[in-house]
*Asks:* 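Next up is a structure, given as structure tokens.
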2 protein chains.
Amino acid sequence: MDELQLDHQLCFKLYALSRKVIAVYRPILEALDITYPQYLVLLVLWEVKSITVKELGVRLYLDSGTLTPLLKRLEQKGILSRQRDIEDERSVVITLKPAGRSLLQDAKKIPEALGNCISLGQSEYQQLKGRVDKLLTQLTTA
Amino acid sequence: MDELQLDHQLCFKLYALSRKVIAVYRPILEALDITYPQYLVLLVLWEVKSITVKELGVRLYLDSGTLTPLLKRLEQKGILSRQRDIEDERSVVITLKPAGRSLLQDAKKIPEALGNCISLGQSEYQQLKGRVDKLLTQLTTA
DNA sequence: AATTATTTAATTTTGCACAATTAAATTGTT
DNA sequence: AACAATTTAATTGTGCAAAATTAAATAATT
């Protein structure tokens, strides 16, 4: 078997699937007027309320080059605030504002809306997530 | 279980894994002085020699907005040529040039080099690819 | 305490992705 | 044949990603 055939490449399929799934999210998130990476930031903020750019980057595997402009856009919309940490002036602390908190209510419907578009059995879903998670862990801890 | 927890989201893990795997490719492809999406275009061209932008887009799930500038960069480097189809002037035919063909020799080492970075058992690899492929098919044919 | 090294975010630059629009060529229909 | 509808690339504009550099703050070392 030719490993250089496009059709045989796992990476291409991962890349394509990732984009396709995000494309399913797009119209749903458009109702909240946010992008998928912005949604990921909000997922974190709904959990922790307040976090440094550094720690946000660790969780999302993104750096300040990507996060700074993205966070500025969310700040502009009044969803969050960015301020230097008084304890350590190198850090910038991101804090969710009321407008960002209220988005959580709308977001609660998202997982179900997505499930309707992606009909994957429970066991298949868990199995795929498990395999993806394992490989991701392997690549990030190596 | 809270489906809005970042850690529980399959899509985030797919998105993160896709980027991580491409990051593994990056230093390898840097030796050929190409990016990952450019590598995907070459994978197709090594198979078919000549193809329209339209058909390339179908295979890679990309549109002309992404492909046109990418192809122009590869044209600039003498890797391929872009010319209007004489049969149908709407189409642009992409043809591999000798410089592009010679890259195939270097590329033959890539799958093995990648395998060394991503240690995944044969059955696990096939199973993951199978699940990814199934979901991808479902989302693209729906 | 002064110097050096490290950490953190921002900035700059390059290259995707993708939506929306435009323009030209072809096809389909009357 | 004339007109309308469709197809194909290119263009424009927005928003990620990621590498490289810069600048400021903190930590570590002498």
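All heavy atoms count here, side chains included; hydrogens, waters and symmetry mates do not. Everything numeric in this text was worked out from a predicted model, so none of it was measured. Every chain is numbered from 1 and lettered A, B, ... according to where its sequence line falls, protein lines coming before strand lines.
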*Asks:* Identify whether NZ of Lys or CZ of Arg in R19(A) sits under 6.0 Å from the centre of the six-membered ring of Y15(A) and within 45° of that ring's axis.
*Replies:* yes
*Asks:* What contact category does E87(B) fall into here, base, sugar-phosphate, or nothing, at under 4.0 angstrom with non-hydrogen atoms?
*Replies:* sugar-phosphate
*Asks:* Rounded to the nearest Å, what distance is computed from the NZ atom of residue K54(B) to the C1' atom of nucleotide dA10(D)?
*Replies:* 15 Å
*Asks:* Between R90(A) and D85(A), is there a salt bridge with N-O shorter than 4.0 Å?
*Replies:* no
*Asks:* dA17(D) C1' sits how many Å from L40(A) CG, rounded?
*Replies:* 13 Å
*Asks:* How close or far is atom P of dA5(D) from atom CZ of R90(B), stated in whole angstroms?
*Replies:* 16 Å
*Asks:* Can we say R82(A) and E75(A) salt-bridge, meaning some charged N sits less than 4.0 Å from an Asp/Glu carboxylate O?
*Replies:* yes
*Asks:* Quick one: do V92(A) and Q83(A) satisfy side-chain contact (heavy atoms from CB on, under 4.5 Å)? Show the steps, please.
*Replies:* CA-CA 5 Å; V92(A) 165; Q83(A) 50 204 39; over 6 Å; no
*Asks:* Tell me whether E124(A) is salt-bridged to K134(B), with the criterion being a basic N under 4.0 Å from an acidic carboxylate O.
*Replies:* yes
*Asks:* Between E55(B) and R59(B), is there a salt bridge with N-O shorter than 4.0 Å?
*Replies:* yes
*Asks:* Contacts to DNA chain D from residues 56-86 of chain B, heavy-atom cutoff under 4.0 Å, which residues?
*Replies:* S64(B), G65(B), T68(B), K72(B), R82(B), R84(B)
*Asks:* State which residues pass salt bridge (Lys or Arg N to Asp or Glu O under 4.0 Å) with K49(A); sequence neighbours excluded, sorted by chain then number.
*Replies:* none
*Asks:* So, S18(B) side chain and L14(B) main chain: donor-acceptor pair closer than 3.5 Å or not?
*Replies:* no
*Asks:* Could you tell me the boundaries of the chain B footprint on DNA chain C, defined by atoms under 4.0 Å from its heavy atoms?
*Replies:* dG15(C) to dT26(C)
*Asks:* Here's a test of your reading of the structure: between E89(A) and V53(B), which maps to the more 5' nucleotide of DNA chain D?
*Replies:* V53(B)
*Asks:* Both Q38(B) and R26(A) contact DNA chain C. Taking the nearest nucleotide for each, which residue is further toward the 5' end?
*Replies:* Q38(B)
